[in-house]
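Working notes, structure below.
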Amino acid sequence: MTTAHHDDPILTTREAAHLLGVAVSTAQAWMESDALPTWKTPGGHRRVRRSAVMRLLQQHAAALSTTGTIALAGEFLPTADPAYPVPIDEARRLAALAASKLMDTPQEEVFDRVTWLASHVTECPMALLTLLSGQRQWFKSRIGVEARETPRELAFCSHAIMQDGPFVVEDAHADPRFAGNPLVTGAPHIRFYAGYPVLAANGLALGSLCVLDSEPRRLRERELRALRELAAIASDEVGRRA
C-alpha cells in the first residue's frame, strides 16, 4: 500500500474489496460504475482513497437504517464474498425482495403475459421474469425453460441488475464471463441473452425480464424498446407488492 497523505492512504482494488467485505470483482464493478471515485495508474490499475471507501460504507450503513424492521435471514441476507457481482445496495435490495413476498409464489397471469409477449416480440424461444435472492435466481414466470431456479452465481441476471439499461450478451460462447457457465455448456444452452432490470417501487432491482436463445443473435432497436416497455410493466406490478 502506498500513501499520498498519512491519514488517507491509497488502496488497490483488492485492498478496497477487503475493507468493503466484498469480492474483488464486485469492488471493480463499483469502481467502473463510479460508485467509488477512482483513477488509473500509468499501468492501467485502478486506485482509490481510503476515505472514499469509508464514505461508501457510511452511506451503506445509513441506507440500511431506513429499510424498516423486517427480520431478514437466510437467502435475504447478503452473501459473504459472493462469486457474482452485486450492487452497492445489495442489502437494501434483498430487504425489498423479502418485503415483496414474491419468492416461491404461484404463477400469475399478469407476469405470464409479460414473458409471453417478451418471447413473441423478440422471437426468442425463452423468456424469464427472474427474482434474485442472495443464494438463487428464481423464476416467477418462464417460457421455454423447464427449471424453476438456478444458483445465483450462474445467473446472467446478476449482471443485468447492475445496469440502468439493457444487459446484452450476443454470443455467450465468445464471452469469457459466461463461456464456462453450466447454463451455456448444458441445458438450456444459452448463447444469447438480453434483459432489463425489474424494479421495486423504491427503484431497487429485484430481478430482470430477459429473453434467451440457443443461437447467437442481436436484437433490433424496436425489439429492445419492446423489451424495455415490458420490463417497465412488470416493474409497475412488482412495485405494488414491494
Side-chain angles (χ1 to χ4, degrees), residues 13 17 20-33 35-36 60 72 74-98 100 102-104 115 118 126-142 145 147-200 203-212 227-228 231 234-235 238 242:
T13 302
L20 289 164
V22 300
V24 173
S25 59
T26 296
Q28 184 175 4
W30 292 354
M31 290 176 172
E32 291 174 351
S33 67
L36 277 170
H60 180 67
L72 301 179
E75 66 179 326
F76 297 111
L77 290 175
T79 300
D81 196 21
Y84 51 82
V86 297
I88 60 173
D89 50 8
E90 176 74 348
R92 288 183 63 223
R93 191 193 70 77
L94 290 171
L97 177 61
S100 76
L102 280 168
M103 291 290 286
D104 297 314
T115 51
M126 296 172 277
L128 300 168
L129 197 156
T130 72
L131 298 171
L132 300 177
S133 77
Q135 299 172 5
R136 59 190 172 124
Q137 171 184 239
W138 182 74
F139 306 144
K140 176 61 178 173
S141 179
R142 69 197 195 281
V145 176
R148 290 305 306 265
E149 63 182 53
T150 74
R152 174 77 183 271
E153 60 267 23
L154 303 184
F156 284 58
C157 295
S158 286
H159 298 261
I161 65 170
M162 304 282 288
Q163 314 294 317
D164 291 328
F167 179 70
V168 179
V169 178
E170 294 182 354
D171 186 353
H173 281 186
D175 191 316
R177 295 171 296 180
F178 304 110
N181 189 308
L183 303 178
V184 175
T185 59
H189 301 283
I190 298 169
R191 293 290 296 275
F192 170 80
Y193 173 99
Y196 277 90
V198 170
L199 310 177
L204 295 169
L206 304 190
S208 82
L209 175 67
C210 61
V211 292
L212 310 98
L227 189 61
R228 185 184 72 192
S235 296
V238 167

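Residues Val198 and Ser235 approach most closely at CA-OG, 3.4 Å, considering heavy atoms. Shown here for Tyr193 and Gly195, the closest heavy-atom pair between the two residues is CE2-N, 3.5 Å. Considering every non-hydrogen atom in both Ser141 and Thr115, the closest pair reads OG-OG1, 2.8 Å. The nearest pair of heavy atoms linking Arg142 to Val145 is NE-O, 3.0 Å. Pro182 and Leu154 get closest at one heavy-atom pair: CD-CD2, 3.6 Å. Across every non-hydrogen atom of Ala35 and Ile88, the tightest pair is CB-CG2, 3.9 Å.
Within the model, atoms CD of Glu170 and CZ of Arg191 stand 12.0 Å from one another, a figure rounded to the nearest 0.5 Å. Within the model, atoms CE of Met31 and CD of Gln28 stand 8.5 Å from one another, a figure rounded to the nearest 0.5 Å. Taken from CG in Asp171 to CD1 in Ile190, the straight-line distance is 12.5 Å, to the nearest 0.5 Å. Going from atom CD of Gln137 over to atom CG of Leu183 covers 7.5 Å, rounded to the nearest 0.5 Å. The CE atom of Met103 lies 10.0 Å from the CG atom of Leu206; values are rounded to the nearest 0.5 Å. One distance of note links SG of Cys210 with CZ of Phe139; it measures 7.5 Å at 0.5 Å rounding.
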Could you walk me through whether Phe156 and Phe178 pass the ring-ring contact (aromatic ring centres under 6.0 Å, His included) test, one step at a time? CA-CA 8 Å; Phe156 284 58; Phe178 304 110; 4.1 Å; yes
Do Phe192 and Val211 pass the side-chain contact (heavy atoms from CB on, under 4.5 Å) test, and can you show the C-alpha distance, the side-chain angles, and the key distance before you say yes or no? CA-CA 8 Å; Phe192 170 80; Val211 292; 4.3 Å; yes
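A donor and an acceptor atom, one from each side chain of Thr79 and Tyr84, are located under 3.5 Å apart.
Between the side chain of Arg152 and the backbone N or O of Ser158, no donor-acceptor pair lies under 3.5 Å.
In this structure, Leu77 and Leu94 have side chains that are not in contact, with every pair of non-hydrogen atoms separated by 4.5 Å or more. In this structure, the side chains of Pro82 and Glu153 stay at 4.5 Å or more apart for every pair of heavy atoms. Side-chain contact between Leu204 and Arg92 is present, with heavy atoms from C-beta onward closer than 4.5 Å.
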Please tabulate, one pair per line, all N/O donor-acceptor pairs under 3.5 Å involving side-chain atoms of residues 126-133, not counting sequence neighbours.
unit_1: Thr130; atom_1: OG1; unit_2: Ser208; atom_2: N; d: 3.1
unit_1: Thr130; atom_1: OG1; unit_2: Ser208; atom_2: O; d: 3.4
unit_1: Ser133; atom_1: OG; unit_2: Glu75; atom_2: OE1; d: 2.6
unit_1: Ser133; atom_1: OG; unit_2: Gln135; atom_2: N; d: 3.1
unit_1: Ser133; atom_1: OG; unit_2: Arg136; atom_2: N; d: 3.1
unit_1: Ser133; atom_1: OG; unit_2: Arg136; atom_2: O; d: 3.4

